[in-house]
Each structure stands twice: as C-alpha cells, then as structure tokens.
**Student:** 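The structure is given below, and queries will be raised subsequently.
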Amino acid sequence: MAGRLEESKGSVTGLLALTLSGLKRLRQLRHQTQPLYEKSLAALDRLAVAFLESEDQRINVALERTEQHLAHLYERLALRHQEGERP
C-alpha cells in the first residue's frame, strides 16, 4: 500500500512538472506570436478599409446611374403628359 501511495505521488509530481513545462512553453509561443498577430490585425484593417473604399465608389456609381435613369423616366413622363398620353 505504501508503494502505491509513493508511486501516485510520483505520478502527480511528474504531471505537475509536465503541466508547468507546458505552461512555460505556451507563454514563450504567445510572446513569439504576438508581433505576428498585431501585424495581421493591421493588415486586415488595411484590407477592410480598401474594400470599403471600393464599395463606396461602386455604390456612388450605381447611385448616379439610378439618378440619371429616374431623371430620364420623369422626362418621358412629362413629355407624355404634355402630349396628352396616359402613362
């Protein structure tokens, strides 16, 4: 019985040592990857801004076309009205 108790203490001590070693390694990896993480966030921000700017341009062109189309339709409606036609 005493042998088993000593054996389990050794297992717990070994597991604790492995856990502490793993935690140390995780901290090292986090420290190494932090600059890469920050660079990737900055790159993502730049891409998002570029995308939004291009979408803004696309939407403005579509809006201008829509306004032109509406003006044309109103012009046709006014001409029909002057000529006495029903729309």
Side-chain angles (χ1 to χ4, degrees):
M1 183 99 160
R4 291 174 97 193
L5 184 59
E6 289 301 317
E7 186 178 311
S8 65
K9 283 182 184 178
S11 295
V12 170
T13 303
L15 287 173
L16 180 59
L18 283 173
T19 302
L20 292 175
S21 174
L23 287 172
K24 182 180 178 183
R25 181 67 179 139
L26 283 173
R27 286 186 196 104
Q28 290 171 343
L29 291 172
R30 185 176 58 193
H31 180 72
Q32 289 175 353
T33 58
Q34 188 64 33
L36 296 174
Y37 175 74
E38 291 171 5
K39 278 185 180 180
S40 66
L41 285 179
L44 185 59
D45 285 345
R46 287 190 301 274
L47 287 171
V49 167
F51 172 76
L52 292 174
E53 286 173 350
S54 70
E55 286 298 295
D56 184 53
Q57 291 173 357
R58 188 182 65 78
I59 290 170
N60 283 332
V61 168
L63 181 60
E64 287 176 18
R65 285 182 186 161
T66 302
E67 289 171 349
Q68 290 172 1
H69 189 66
L70 284 172
H72 178 71
L73 290 174
Y74 277 119
E75 185 179 310
R76 284 182 54 196
L77 184 62
L79 287 174
R80 283 186 177 181
H81 183 69
Q82 279 184 343
E83 295 170 357
E85 292 182 29
R86 290 192 146 181

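If you're wondering where the values come from, they're calculated on a predicted model, not measured in any experiment.
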**Student:** Kindly give the cluster partners of L41, where membership spreads through any ILVMFWY side chain lying under 4.5 Å from a current member.
**Tutor:** Y37

**Student:** Just jot down the side chain to side chain contact (heavy atoms under 4.5 Å, CB included) partners of L29, sequence neighbours excluded, or say none.
**Tutor:**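 R25, Q32.
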
**Student:** If I take atom CD from residue Q82 and atom CG from residue L77, how far apart are they, to the nearest 0.5 angstrom?
**Tutor:**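 Q82 atom CD to L77 atom CG measures 10.5 Å (nearest 0.5 Å).
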
**Student:** Other than F51, which residues form its hydrophobic cluster under the rule that side-chain heavy atoms must be closer than 4.5 Å?
**Tutor:**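 Result for F51 is L52.
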
**Student:** Can you pull the side-chain hydrogen bond (donor to acceptor under 3.5 Å, both in side chains) pairs that have at least one residue in residues 52-61, sequence neighbours excluded?
**Tutor:** E55-R58

**Student:** Between S21 (side chain) and A17 (backbone), is there a donor-acceptor pair under 3.5 Å?
**Tutor:** no

**Student:** What residues, two or more places apart in sequence or in another chain, satisfy side chain to side chain contact (heavy atoms under 4.5 Å, CB included) together with E38?
**Tutor:** Q34

**Student:** How long is the span from the CD1 atom in I59 to the CD atom in E64, to the nearest 0.5 Å?
**Tutor:**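 CD of E64 is found 12.5 Å from CD1 of I59.
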
**Student:** Once side chain to side chain contact (heavy atoms under 4.5 Å, CB included) is applied, do any residues pair with R30, and if so which ones, sequence neighbours excluded?
**Tutor:** R27

**Student:** Atom CG of L15 and atom CG of L20: how far apart are they, to the nearest 0.5 Å?
**Tutor:**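 The CG atom of L20 is 11.0 Å from CG of L15, to the nearest 0.5 Å.
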
**Student:** Does R46 have any side-chain hydrogen bond (donor to acceptor under 3.5 Å, both in side chains) partners at least two apart in sequence or in another chain, and if so, which?
**Tutor:** none

**Student:** Going from CG on L26 to OG1 on T19, what distance comes out if it is rounded to the nearest 0.5 angstrom?
**Tutor:**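 The distance works out to 10.5 Å.
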
**Student:** Can you list the residues that meet the salt bridge (charged side-chain N to carboxylate O under 4.0 Å, His left out) rule with R65, with sequence neighbours excluded?
**Tutor:**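 R65 satisfies salt bridge (charged side-chain N to carboxylate O under 4.0 Å, His left out) with no other residue.
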
